[in-house]
Amino acid sequence: MPADPEPLWVEVNAWYLRHGRDLPWRTPTASAWEVLVSEIMLQQTPVARVEPVWREWLERWPTPAHLAAVSPGDVVRAWGRLGYPRRALRLREAAVAITAEHGGEVPRTEAELLTLPGIGVYTAAAVVCFAHGERTVVIDTNVRRVLARAVGGVALPAPSLDRADRERATAQVPADRADAAVWNVAVMELGALVCTARAPRCGDCPIEHRCAWVAAGRPVYEGPAHRGQAWAGTDRQCRGTLLTVLRETPDPVSDADLRRAWTRDEQQRLRCLDSLVADGLVEPLADGRFALPSGS
DNA sequence: CACTCGTGGGA
DNA sequence: TTCCCAAGAGT
């Protein structure tokens, strides 16, 4: 009778200890706040772009109370070009709630974290695990892809997180708390560095010898199409263009300046400006000009 | 569940 | 050059 196969985490954790990157939010001394800031910034944004901004933020605002005390406009400007600037507003709002309702300490449970703006299932689990060392299931796009291949035998996971992802991920988490904490970051790192979406480096993979996708001959993806992100001419591009104008000057901006920045569709420009105001990313002034939001 | 919300670098 | 997509969340 064959022994149970060694769990995936043994090899993946060993690989991580040798090959994982030394990122500043991964140091043993990183505070829960530092981890939380990194997780928000890393939502849909690559590590290389996050790192310098993360350093600036933690130097300026080393605790939630520091961030809670500044204006939304300061936060949006400091967010720079990380993208999805509503994340900056929500992070500030989370800091306000942490300061007012949690004694300035980042909550230690997923349920409490989930009540904070900008924190969803992934980020709540990540903070609990990476900042507080708790055993939990952390599922991001990397985890889904690695396990879809290694366990599921397919090239890519479904377009959105589904039951198969949760079941595969839950089954792999080691029982021991410390092992689980390493596994959760290790499997993400494997997905980021080796088991990548486009051109996986299977020759460098510590579990290639037991990967179901490799064993199947690396079949191409067969499932429903992953939607591409349209960009040219979209409201997202328009909003980004308008916000860039406001971000790059400390002074309020006239409507004429904004019109020059987006000339292709005036109706769209007005709609997007309205939506930026509604989101709290832009503040209309009494004199007709626009600015990054100053109030709370 | 499907869709929106930025940005820039690599293939 | 064009296309893909990167530690998701909110609606």
Side-chain angles (χ1 to χ4, degrees), chain A residues 16 20-21 23-26 30 34-54 76 79-91 93-94 113-131 136-146 155-163 165 169 184-193 195-201 221 224-248 262 268 271-272 275-276 278-282:
Chain A
Y16 176 76
R21 292 166 291 183
L23 301 173
W25 47 85
R26 286 181 181 168
E34 291 174 324
V35 172
L36 174 56
V37 173
S38 78
E39 291 300 340
I40 300 295
M41 289 183 172
L42 287 163
Q43 291 169 359
Q44 302 287 283
T45 304
V47 166
R49 230 180 309 159
V50 164
E51 190 165 345
V53 180
W54 180 89
V76 170
W79 194 252
R81 305 186 66 78
L82 288 183
Y84 293 145
R86 292 184 298 182
R87 289 184 293 166
L89 295 181
R90 292 182 183 135
L91 180 50
E93 291 163 11
L113 286 161
L114 282 169
T115 68
L116 299 174
I119 299 186
V121 171
Y122 162 76
T123 302
V127 169
V128 159
C129 181
F130 303 145
T136 187
V137 185
V138 180
I139 307 175
D140 78 326
T141 184
N142 291 301
V143 175
R144 295 178 61 224
R145 186 176 56 252
V146 169
L156 293 173
S160 56
L161 195 156
D162 61 14
R163 194 182 74 260
D165 292 315
N184 281 324
V185 66
V187 64
M188 285 173 60
E189 189 77 336
L190 187 63
L193 298 183
C195 193
T196 55
R198 241 174 301 183
R201 303 164 54 190
Y221 177 69
H226 290 63
R227 292 179 51 79
Q229 303 172 345
W231 174 247
T234 62
D235 283 4
R236 278 209 326 293
Q237 184 187 29
C238 182
R239 286 166 54 105
T241 300
L242 297 176
L243 200 58
T244 295
V245 174
L246 287 154
R247 198 196 294 122
E248 288 178 347
W262 189 265
Q268 182 182 36
R271 178 174 73 245
C272 288
S275 74
L276 287 167
D279 286 346
L281 285 164
V282 172

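The chains referred to below are lettered A, B, ... by the order of the sequence lines, with proteins before strands, and numbering in each begins at 1.
Using a 4.0 Å heavy-atom cutoff across all strands shown, A:Ala192 reaches sugar-phosphate atoms only and no base atom. Across all strands shown, A:Gln237 has no heavy atoms under 4.0 Å from either base or sugar-phosphate atoms. Backbone-only engagement by A:Ile119 is indicated by non-hydrogen atom pairs under 4.0 Å involving sugar-phosphate atoms exclusively. The residue A:Arg144 sits apart from the nucleic acid: no heavy atom pair falls under 4.0 Å. Residue contacts shown for A:Pro159 are absent, as no nucleic acid heavy atom lies under 4.0 Å away. Nucleic acid contact class of A:Ala126 (heavy atoms, under 4.0 Å, all strands): none. Note on A:Leu276: nothing from the nucleic acid sits closer than 4.0 angstrom, heavy atoms only. The residue A:Gly118 sits close only to the backbone: its heavy atoms come under 4.0 Å of sugar-phosphate atoms, none of a base. Across all strands, A:Ser38 comes closer than 4.0 Å to no nucleic acid atom at all (heavy-atom distances). Base engagement by A:Gly83 is indicated by at least one non-hydrogen atom pair under 4.0 Å involving a base atom. Nucleic acid contact for A:Val121: sugar-phosphate only, since backbone atoms but no base atoms lie under 4.0 Å from a heavy atom of the residue. Counting any heavy atom pair closer than 4.0 Å across all strands shown, A:Thr234 reaches no nucleic acid atom. Looking at heavy-atom distances under 4.0 Å, A:Trp79 makes no contact with the nucleic acid at all.
One atom, CD of A:Glu248, and another, C1' of B:dT7, lie 13 Å apart when rounded to the nearest Å. Residue A:Ile139 contributes atom CD1, which lies 17 Å from atom P of C:dA6 at whole-angstrom precision. Following rounding to the nearest Å, A:Leu42 (CG) and C:dA9 (C1') show an atom-to-atom distance of 15 Å. A:Arg90 places its CZ atom 11 Å from the C1' atom of B:dT4, with the value rounded to the nearest Å. Rounded to a whole Å, the CH2 atom of A:Trp231 is 18 Å from the P atom of C:dT1. Atom CE of A:Met41 and atom P of C:dG8 are 15 Å apart (whole Å). The nearest whole Å value for the distance from the CD atom in A:Glu39 to the P atom in C:dA6 is 16 Å. In this entry the distance linking OH of A:Tyr84 with P of C:dC5 reads 14 Å, nearest Å.
Side-chain N/O atoms of A:Arg86 include none lying less than 4.0 angstrom from OP1 or OP2 on C:dG8. For C:dA7, the OP1/OP2 oxygens have no side-chain nitrogen or oxygen of A:Thr45 closer than 4.0 Å. Contact between the side-chain N/O atoms of A:Gln43 and the OP1/OP2 oxygens of C:dA7 is not found at any separation under 4.0 Å. A sub-4.0 Å separation between OP1 or OP2 of B:dT7 and a side-chain N or O of A:Arg247 is present. When the side-chain nitrogen and oxygen atoms of A:Arg239 are compared with OP1 and OP2 of B:dG6, one or more of them lie within a distance under 4.0 Å.
Between the P atoms of B:dT4 and C:dA7, the separation comes to 22 Å (whole Å). Remark: the separation of the C1' atoms in C:dG10 and B:dC1 is 13 Å, to the nearest Å. Comparing B:dG8 with C:dT1, their C1' atoms sit 15 Å apart, to the nearest whole Å.
A:Ile119 and A:Ala124 make their closest contact through CG2-N, 3.6 Å (heavy atoms, listed as atom of the first residue, atom of the second, distance). In plain terms, the two heavy atoms of A:Pro157 and A:Arg144 that are nearest each other are CB-NH2, 3.7 Å. Summarising the geometry of A:Leu156 relative to A:Ala197, their closest heavy-atom pair is CD2-O, 4.4 Å, with the distance given to 0.1 Å.
Both A:Asp162 and A:Gln44 lie near DNA chain B, and the one whose nearest nucleotide falls closer to the 5' end is A:Asp162. Both A:Asp235 and A:Arg81 lie close to DNA chain B; mapped to their nearest nucleotides by heavy-atom distance, the more 5′-ward contact belongs to A:Asp235.
In the displayed structure, A:Arg271 atom CZ is contacted under 6.0 Å by more than 12 heavy atoms of other residues, nucleotides or ligands.
The pair A:Arg21-A:Glu51 fails the salt-bridge criterion, with no side-chain N (NZ, NE, NH1 or NH2) lying under 4.0 Å from an Asp/Glu carboxylate O.
Between A:Tyr122 and A:Gln43, the side chains place no donor N or O within less than 3.5 Å of an acceptor N or O (distance only, hydrogens not considered).
Judged purely by atom type and a 3.5 angstrom limit, A:Arg86 has no side-chain atom pairing as donor or acceptor with the backbone of A:Gly118. A donor-acceptor pair is defined here as one N or O able to donate and one able to accept, closer than 3.5 Å; such a pair exists between the side chain of A:Trp54 and the backbone of A:Glu34. No donor-acceptor pair under 3.5 Å is formed between the side chain of A:Glu39 and the backbone N or O of A:Val35.
With contacts defined as side-chain heavy-atom distances shorter than 4.5 Å, the pair A:Val143/A:Asp140 qualifies.
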Kindly give the atom pairs (protein nitrogen or oxygen, nucleotide nitrogen or oxygen) under 3.5 Å for nucleotides 9-11 of chain B.
unit_1, atom_1, unit_2, atom_2, d
B:dG10, N2, A:Arg198, NH1, 3.1

